[in-house]
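Note that the coordinates shown come from a computational prediction; the quantities given were computed from them, not determined experimentally.
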Amino acid sequence: MDSEKIGTCIPYNEFIAHFLQPGSHKKVEPVAGHQILDGPSAITHQAVHDLNMFQSGGGDCGGVEKYVRPPPSYNMFKDMPRVHSMQDMCQNVSNALMKTFLAQRGDHFVSATHYSNDTVGQSYGPAGTDAAFCGVYPSSVVSVDQQAQRQLGLGLNLGHVDWSRIEMAILCEPNSQADSDPWNESVCEDPNHARIVAAQRARALEQILDYARLIFQYQQRTYQFMVLFCGDMARIIRIDRSWIFTTHRCNYRDEAAGLKLTHFFWDYALLSASERGHDTTATRLDRSGPDAEVMRKQVKDLDPDDHVRAMLADTLDEQWPWWKLEVPDMERGESRSFLVGKPHFAASGVAGQATRGYIALDVSNPDGPPVYLKDAWRVVSDDIEQEGSVLKTLHKHNVQFIPTPVCHGDLVGQQTQTQVVWPAYHPEQEGPLKTHQHYRLVVKEVGKPLERFEHSFQLVGALRCCVLAHAQAYEDANIIHRDISTGNMLLFKNEEGTWIGLLNDWELSKRRDQQDKKERQPDRTGTWQFMSALALNDHKKSIRIEDELESFLHVILHISVRFLPHNLADAHVPQFLHDYFDDYSSAGTDHHCGTAKFAAMQLGFVGISQYNNESDGPDQLRFFCPTDHASDDPPESADTVKASTHSAIAHPLNDIVEPLLSWLSAHYILRRLERESRASLTTLVDGDVSQVLDSGFMCLMAKARRPHKAQDREVSSAAEAPRKVSTSSVAPDRTVLAERAWKLGSHTATLELFESVLSKGRWPPLPDRVAERKPAKGWIPRMNDQVPKVSFISGSRKRSNLESVSEDLPSPSFKKSKT
């Protein structure tokens with residue numbers, strides 16, 4: 001396994017210089033008879049003061065000044081017994097760490113082992129994740145009964161893992177599995193043994209990333225350290241939202257190397273909370289305190305129709321920590337505080353934007369309505385605006401059906417650092433890593449996911465709102481969204497009690513005048529499952545109206561196949577969802593659109609014949625009403641249909657899906673014909689253009705693609721006619737294609753289509769929503785269909801083809817940017 005593909009290994013001294021911020025450290029004056037070491041053994045003045053105060057009981061020392069003991073001059077790990085059991089290895093490491101912490105005469109941290117897979121109990125975190133390992137904890141976890149064990153220098157056995165309090169995870173591989181280091185580049189000559197070692201290293205990497213994900217998930221962290229012990233070797237690891245750096249592995253039994261490792265733990269215990277990677281703008285709530293009581297008060301005596309407070313109640317989970325989060329208010333020049341519980345939404349993986357969404361209460365208005373707080377590590381670039389600023393611009397231009405910003409801003413001093421260090425160790429590569437800045441945004445509206453629609457009429461109405469918001473933003477505010485997906489559209493009950501759609505998550509939006517400039521990010525922009533096939537096949541493509549309208553179609557299909565009656569058997573839906581939305585095709589080291597989606601865009605229909613066991617089964621996906629009749633009126637009730645049976649009556653949803661597919665198919669065919677024609681032109685002499693291009697068609701396209709309004713103009717390469725050609729003939733088939741493709745040049749045709757179907761469609765009189773068909777635990781594809789194994793993604797997309805279909809599955813995905 002190539003370590004450079006999943007992280008960067010550097011010498012210990014350089015690692016310490018880069019990531020323990022020695023510039024901010026101050027030396028401690030040596031006490032008589034002791035020597036304070038330079039470099040990594042230096043500690044911050046504030047940490048020294050904090051520890052002194054802690055040792056003195058937190059108050060005035062009565063004139064007797066305490067001091068921090070100097071780092072030990074001996075290797076704490078040198079004499080650890082060699083063992084073959086992971087549990088014994090963890091206990092030995094934990095004992096050595098406890099002796100190190102005791103040698104400081106400070107009570108900040110303890111070490112503990114975890115042996116069992118007990119249920120969560122009083123801890124925080126999912127059951128079944130407690131594989132044997134050890135960790136560093138704050139001393140507050142020590143019970144009275146464990147104090148004696150601690151004073152003897154013995155690591156504690158906590159049994160379970162408290163992911164919300166663990167300071168540092170320490171993974172231990174005994175001597176029997178000493179080759180498990182995922183960054184060990186040694187090659188095994190025996191091919192059979194090499195396969196075993198490769199599997200061990202892959203398992204160790206997965207475990208490291210899974211633990212990192214859990215710590216990020218349950219805590220408010222800017223970065224984190226880990227330590228890996230493999231037999232007699234060890235290395236220190238640092239992970240932030242951009243990349244992984246590790247030290248070169250060292251033999252900790254060697255006196256010099258082991259002393260450095262001892263000093264690292266010594267110094268770590270003396271760092272401030274922010275230097276250890278904690279977000280100091282987040283304060284953990286005491287469950288018995290007044291802030292927690294304010295949150296509980298909001299959800300007492302719930303109104304069954306109050307979906308917002310019902311969502312807040314769901315987040316007040318006793319198995320999760322609750323927080324008070326500070327959010328900058330850029331207009332007021334101050335910070336505001338909000339109370340939150342468990343995240344309402346959390347993006348999977350370790351790297352990237354790591355978006356989390358909370359149902360929040362404003363501390364300044366505790367009895368007021370809940371609001372929505374978005375916490376993310378946004379990409380920093382000259383042409384990327386803060387999402388809150390984008391929303392303010394949209395509201396300035398009276399764009400409808402978008403969230404209303406309350407306050408927002410960057411958290412000062414919370415920015416990834418690994419991308420700064422990376423170029424020095426990869427001089428031959430153009431830096432693919434991005435700078436991520438911690439950012440928070442609060443908006444007024446709290447919606448519910450689009451997939452929680454009650455009836456297809458409500459679903460289509462919400463989608464129409466989102467298309468209109470997209471059109472107004474594009475035409476009036478000069479902004480294109482660039483990330484249309486199911487997760488970026490919400491259902492919201494307005495003041496009149498009507499459910500509407502909201503188009504949110506504008507962090508990847510871009511001004512139209514930047515569309516033809518250099519793309520802001522080197523990898524694809526958007527969410528893999530819903531990106532246009534052309535964008536998936538060209539990661540440098542500028543996103544245009546036709547790409548966004550195609551994404552709206554993919555959203556319709558993704559939700560409708562899961563929740564509405566159709567002619568695809570329920571048993572085949574999981575495979576279809578994988579094939580159409582998650583699948584990919586390979587081209588060298590890159591990944592492109594899967595064949596199912598690309599074929600649908602070319603053919604103008606969604607093929608399902610491959611899922612039929614019968615030769616006379618349906619070959620095109622179509623939607624149907626759930627009963628034997630339909631009505632001209634919108635439905636009055638909206639309960640879930642218990643069975644996915646359907647009648648022969650076509651659903652009005654087809655009247656949206658089929659025209660969109662027809663327009664997109666024409667667009668794709670014309671692009672292909674033009675590309676083939678232009679390629680052929682290179683072999684022709686002047687005057688032979690008419691042999692290749694249908695000149696009448698080219699003139700028609702140049703005219704047909706011209707929007708009704710100047711601000712609607714969005715001409716794709718298929719519609720441009722830079723060359724002068726003869727107009728002697730017209731091919732009718734291409735004329736029809738041109739007329740269809742023209743409808744994607746603006747939002748007008750799509751909006752008219754939605755409005756016509758909503759007003760004239762024969763909607764089912766009874767609820768037509770069926771039970772979810774996507775497996776609750778995700779879909780495991782056949783071995784040939786596995787999504788690509790790429791180790792790191794940073795930045796632009798919240799979900800990708802590299803992630804599992806279900807976000808409920810553990811996904812320790814540190815994935816790689818494409819360059």
Side-chain angles (χ1 to χ4, degrees), residues 86-87 89-91 93-98 100-101 106-143 146 149-150 154-172 204 206-229 234 236-241 244 264-265 267-280 282-285 317-323 342-343 346 350 354 810 812:
M86 185 179 294
Q87 294 184 2
M89 180 76 170
C90 291
Q91 188 63 61
V93 171
S94 183
N95 292 344
L97 285 176
M98 190 68 86
T100 301
F101 296 144
D107 292 333
H108 279 94
F109 298 102
V110 297
S111 57
T113 55
H114 307 282
Y115 293 161
S116 68
N117 281 313
D118 296 339
T119 56
V120 175
Q122 296 301 313
S123 69
Y124 296 90
T129 57
D130 299 4
F133 75 106
C134 61
V136 175
Y137 280 88
S139 57
S140 59
V141 304
V142 180
S143 67
Q146 294 171 324
Q149 183 179 358
R150 176 174 178 270
L154 299 177
L156 310 179
N157 178 13
L158 297 183
H160 55 258
V161 185
D162 188 341
W163 294 107
S164 73
R165 295 191 184 277
I166 189 170
E167 273 285 336
M168 181 196 305
I170 301 171
L171 289 84
C172 302
E206 180 179 351
Q207 194 172 52
I208 288 169
L209 297 178
D210 206 22
Y211 291 169
R213 177 182 61 84
L214 288 165
I215 292 173
F216 277 134
Q217 181 176 325
Y218 281 88
Q219 300 185 30
Q220 303 290 336
R221 288 290 194 115
T222 56
Y223 56 85
Q224 58 181 290
F225 289 98
M226 289 187 182
V227 176
L228 173 66
F229 287 86
I236 306 168
I237 305 165
R238 184 188 183 276
I239 304 174
D240 67 18
R241 297 298 189 177
I244 301 176
F264 166 76
F265 284 107
D267 293 338
Y268 180 87
L270 296 175
L271 295 175
S272 67
S274 61
E275 290 170 328
R276 298 195 307 273
H278 290 276
D279 175 7
T280 54
T283 303
R284 185 165 178 163
L285 298 185
D317 189 335
E318 296 294 335
Q319 299 299 330
W320 283 74
W322 302 354
W323 303 90
K342 175 183 176 179
V350 174

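The shortest non-hydrogen separation linking Trp323 to Ala282 is CE3-CB, 4.0 Å. In this structure, Phe216 and Thr222 approach most closely via the heavy-atom pair CE2-C, 4.3 Å. Closest non-hydrogen pair, Ile166 versus Gly135, comes out as CD1-CA, 4.0 Å. The shortest heavy-atom contact between Met86 and Cys172 is CG-O, 3.4 Å. For Val93 against Phe229, the heavy-atom pair with the smallest separation is CG1-CE1, 3.6 Å.
Side-chain atoms of Arg238 never come within 3.5 Å of backbone atoms of Ile244 as a donor-acceptor pair (strictly under, hydrogens ignored). Tyr268 places no side-chain N or O within donor-acceptor distance of the main-chain N or O of Phe225, the cut-off being under 3.5 Å. The closest donor-acceptor contact from the side chain of Gln219 to the backbone of Trp163 lies under 3.5 Å.
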Stepwise side-chain contact (heavy atoms from CB on, under 4.5 Å) check, Val227 with Phe265:
CA-CA 10 Å; Val227 176; Phe265 284 107; 3.6 Å; yes

Is there a side-chain contact (heavy atoms from CB on, under 4.5 Å) between Gln319 and Tyr218 once you walk through the steps?
CA-CA 10 Å; Gln319 299 299 330; Tyr218 281 88; over 6 Å; no

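Two residues are said to be in side-chain contact when any heavy atoms from C-beta on lie closer than 4.5 Å; Tyr211 and Val350 fail this criterion. Side chains of Gln220 and Arg284 form no contact here, defined as non-hydrogen atoms less than 4.5 Å apart.
Among residues two or more places apart in sequence or in another chain, the side chain to side chain donor-acceptor pair (under 3.5 Å) test is passed with Gln224 by none.
Cys134 contributes atom SG, which lies 9.0 Å from atom CD of Gln91 (distance to the nearest 0.5 angstrom). Between the CD1 atom in Ile236 and the CG atom in Leu228 there is a gap of 11.0 Å [rounded to 0.5 Å]. The NE2 atom of His278 sits 9.5 Å away from the OG atom of Ser274 when rounded to the nearest 0.5 Å. Rounding to the nearest 0.5 angstrom, the gap separating the CD atom in Gln207 from the CE atom in Met226 is 9.5 Å. To the nearest 0.5 Å, atoms CD1 (Ile215) and CG (Asp210) are separated by 10.5 Å. If you take OH on Tyr223 and CZ on Arg276, they are separated by 9.5 Å, rounding to the nearest 0.5 Å.
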